[in-house]
Amino acid sequence: MNFSDTWSNLKTKVVEALLECVTPGIIVKTDVINSLEEPPDKSFGDLASTLPFTLAKKLKKPPLKIAQEIVSELKKIDQVKKIKILGNGYINFFIDYPKYSKETLNLVLSLLEKYGNANFFEGKKVIIEYPAVNPSKPWHIGHARNAILGDTMSRILNAVGFNNVLRIDYINDLGLQIAQLYFILKQKEKWNYTGKYDHFLGKAYVKAVKQIEGNKQKEEEVREILKLMEEGDNETSEKIKKIAFKCVRAQYETAYRLNIFHDLIVWESDIVHSGLFKKALERMLECEHIERLESGAIIAKIDIFDEFKEMKEPYKVLVRPDGTATYLAADIAFQMWKFGKIEDVLRYRILEQNENTLWTTSQEGKEKKFNGADYVINVIGAEQAFPQRLMYLSLKLMGFEKEYKNSYHLAYEHVWLPETKFRGREGTWIGYTTDDMINEAIERARLEVEKKNPNLDLDTKIQISEAVGIGAIRYSMIKSAPEKKITFRWDEVLDFNGDAAPYIQYAHARSCRILEKSKLDPLEIIKDANFELIKTENEKDLVLLISKFPSLVLNIIKRMKQTPWGTKIDINLLPAYAYKLATAFNQFYTNCPVLSSEEEIKIMRVILVKATQQTLNNVLNLMGITALERM
RNA sequence: GGGCCCAUGGCCUAGCCAGGAUAAGGCAGCGGCCUCCUAAGCCGCGGAUCGCGGGUUCAAAUCCCGCUGGGCCCGCCA
């Protein structure tokens, strides 16, 4: 399938044409590409170049004169109707809309749900990990940000040609949190609780922390539990595994409500008890910069990296003298597994099968190979930038240069409460779990539905409320850039007006109703459509925006940038685009009647509506938000 | 001590990485628009020393240097 798109084609042609007008050697192609910009006002045209300014100094001529020279030599571009010099040297291109619309709308209607996809990364496998919450509590709103980012990212990755995206969740069932939790749970044979299991555990954990902290004897008991967990194959570790499983399944009820899915759960206990970790450690020891000390500790010497040369003790401990592994070692081992640098000795079984198949690692499972990725993305809070980088550098230390380069820490800042931040041990999350947020969102949406559409049947009302509530949450979590902290306020997240998911869903629903009432088949009538009739600014705006969708999606991935903070990604371009498209459609809706127009215009507009509806649908899908047909 | 992130109208954000034309939206406020495809919408009004100070450039919210304020990170912790 050919995924080329009309906007990129146009830009490529403009760049080539401009390049031909400049003496070779003065300027490179990138300069021309970078000179392109979208004019601040559409009366200035659809695309502009500031090339004359760049050239002014080199050619020692005023920009205006250069612009005139370039334009006089510029060859004809099919999709460009006219070229105009504005200001003191901007070259502005005006699109030939009849031609451009025909190409764009035909493309959309031929690709349908695939419009916006690309085959850029075809044949590549990517493993993405999120949100890796401890199996001892419910997700709070901050975990939702992580999971929504990860899930949205997976959807985008799929769209740009990674036909092999493995979404994994890593569960730390050997950690201190669950040991402390077990300390309190084992005090009673049977616990009566109401509500979800993960909520019950979360509250029990808060109690446990209060009991244990500062009490030497109790802390010792917890250490005993930790040791038993690490060893495995005993009653304590079995019981804890059951608790963790039950907890994760409760957490996943929350995930499913948010349209968040995984392909595989990996348990830390399975990594350790399957011998995978041991295998990884053996491989690490082959590295000349990793060695075992007399004390029995295993360390990585990192002084070969310039940035650590100044350190007093330029090494990192991987394994303590008592034989227990540090987090760094566990992370390295897992990352090696992800890249297929160690044999996959894990065993797997299917845990849940709904519209999605969820696998889990399991000692009783069967052999299967899940690992071996070209790219690995870990969705983890920005506060872990340093440990993440250290882990990637360790791969480099071992000679895994390519794997080092292809490791992405998709970082994001935390969600805060207006007065404080989320602290698991203090229970500040109580009242702010993801479930609380979902329930509140759906309830508020339900009130709106009741107000706006009291005559719908109950099932439809419920369905709409859920889609609107969930959509609002997902949208609010990706609309601000990952490097900005989000302060959680009910009224902002659950405001269904303006720049929010329901606005986009509403535009989509409106477009569906027009198509439905028109009783025309857009795929049939497109061959008779006359795009010379596209004349209004509203129609042109729509066509132009629709045409920009594929390159927007692809660029989100292509422009991912690794920095010391973590990987920067413009995932917020997705909601921003969706909002712009919905706005353009709502304006069109107000000003351009479809059904009541004369036949030829009606046909043309039905096609435009279909293309808009399809693009809205596709962008909503990428965001994991349900595209409603009515609301 | 070293490093990273953030700072844009009353509030929330886009634009910054790839410098360009009157800084773009939402919320809140005020005022209009439903005999016409769903008013969860559309149109209009008011409101911004783009944290501060320098520098680079024909051009700086955007790049560089230095500050200030807020957050985060630098353990054989988890």
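Nothing here was measured: the structure is a model prediction, and the numbers come from that model. Numbers restart at 1 for each chain; the letters A, B, ... are given by sequence-line order, proteins then strands.
- Note on A:Tyr503: every side-chain N or O is 4.0 Å or more away from OP1 and OP2 of B:G25.
- Nucleic acid contact for A:Cys592: base, since at least one base atom lies under 4.0 Å from a heavy atom of the residue.
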Find every protein N or O atom lying less than 3.5 Å from an N or O atom of nucleotides 14-16 of chain B, and list the pairs.
residue, atom, partner, partner atom, Å
B:A14, OP1, A:Ala481, N, 3.0
B:A14, OP2, A:Lys484, NZ, 2.8

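- Defined by atom type and a distance below 3.5 Å, a donor-acceptor pair is missing between the side-chain atoms of A:Arg605 and A:Ser518.
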Identify the pairs formed between an N or O of the protein and an N or O of nucleotides 33-36 of chain B at a distance under 3.5 Å, and give each distance.
none

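- Put simply, A:Asn497 has a side-chain N or O that comes within less than 4.0 Å of OP1 or OP2 on B:G41.
- For A:Arg559, taking side-chain heavy atoms from C-beta onward, the closest of the listed nucleotides B:U38, B:A40, B:A18 is B:A18.
- Annotation: B:C72 and B:G15 have their C1' atoms spaced 25 Å apart (nearest Å).
- Comparing atom distances between the A:Arg489 side chain and each of B:C5, B:C12, B:C42 picks out B:C12 as nearest.
- Remark: the A:Thr324 side chain and the A:Asp322 side chain contain an N/O donor-acceptor pair separated by less than 3.5 Å.
- Residue A:Arg630 is classed as a base contact, given a heavy-atom separation below 4.0 Å to a base.
- B:A14 and B:U8 have their P atoms separated by 10 Å, with the value rounded to a whole Å.
- Looking at the side chain of A:Lys568, the nearest of the listed nucleotides B:C37, B:C5, B:G41 is B:C5.
- Residue A:Met631 has its side chain nearest to B:A40 when only B:C43, B:A40, B:C37 are considered.
- Here, B:C52 and B:A61 have their P atoms 11 Å apart, quoted to the whole Å.
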Just the atom pairs and distances: protein N or O near nucleotides 55-59 of chain B's N or O, under 3.5 Å.
residue, atom, partner, partner atom, Å
B:C58, OP1, A:Lys57, NZ, 3.2

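- Separating the P atom of B:G2 from that of B:U49 is a span of 34 Å, rounded to the nearest Å.
- Taking syn as a glycosidic angle within 90° of 0, B:C73 does not qualify and is anti.
- Relative orientation of the A:His140 and A:Phe422 rings is parallel, given thresholds of 30° and 60° on the angle between their planes.
- B:U38 sits 40 Å from B:A48 when the P atoms are compared, rounded to a whole Å.
- Listed candidates were B:C6, B:U38, B:C11. Nearest to the side chain of A:Glu483 is B:C6.
- Base contact: A:Phe44 has a heavy atom under 4.0 Å from a base atom.
- Between the side chain of A:Asn586 and the base of B:A39, no donor-acceptor pair under 3.5 Å is found.
- Using atom C1' as the reference point in both B:G26 and B:C42, the two lie 15 Å apart (nearest Å).
- With a 4.5 Å cut-off on side-chain heavy atoms, A:Val609 and A:Ile607 do not count as touching.
- Every residue two or more places apart in sequence or in another chain was checked for a side-chain contact (heavy atoms from CB on, under 4.5 Å) with A:Ala576, and none qualifies.
- Helical stems in RNA chain B, defined as runs of 3 or more consecutive Watson-Crick or G-U wobble pairs with donor-acceptor distances under 3.5 Å: B:1-7 with B:68-74, B:10-13 with B:24-27, B:29-33 with B:41-45, B:51-55 with B:63-67.
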Query raised in the report: What string of B, S and - do you get for nucleotides 70-78 of chain B, 5' to 3', when a contact is any protein heavy atom under 4.0 Å?
Result: -SSS-SBSB
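- Without hydrogens or angle criteria, A:Ser465 side chain to A:Ile442 main chain gives no donor-acceptor distance under 3.5 Å.
- Regarding contacts with the backbone of B:A40, a side-chain N or O of A:Lys452 is found under 4.0 angstrom from either OP1 or OP2.
- Between B:G69 and B:C76, the distance separating the two C1' atoms is 37 Å to the nearest Å.
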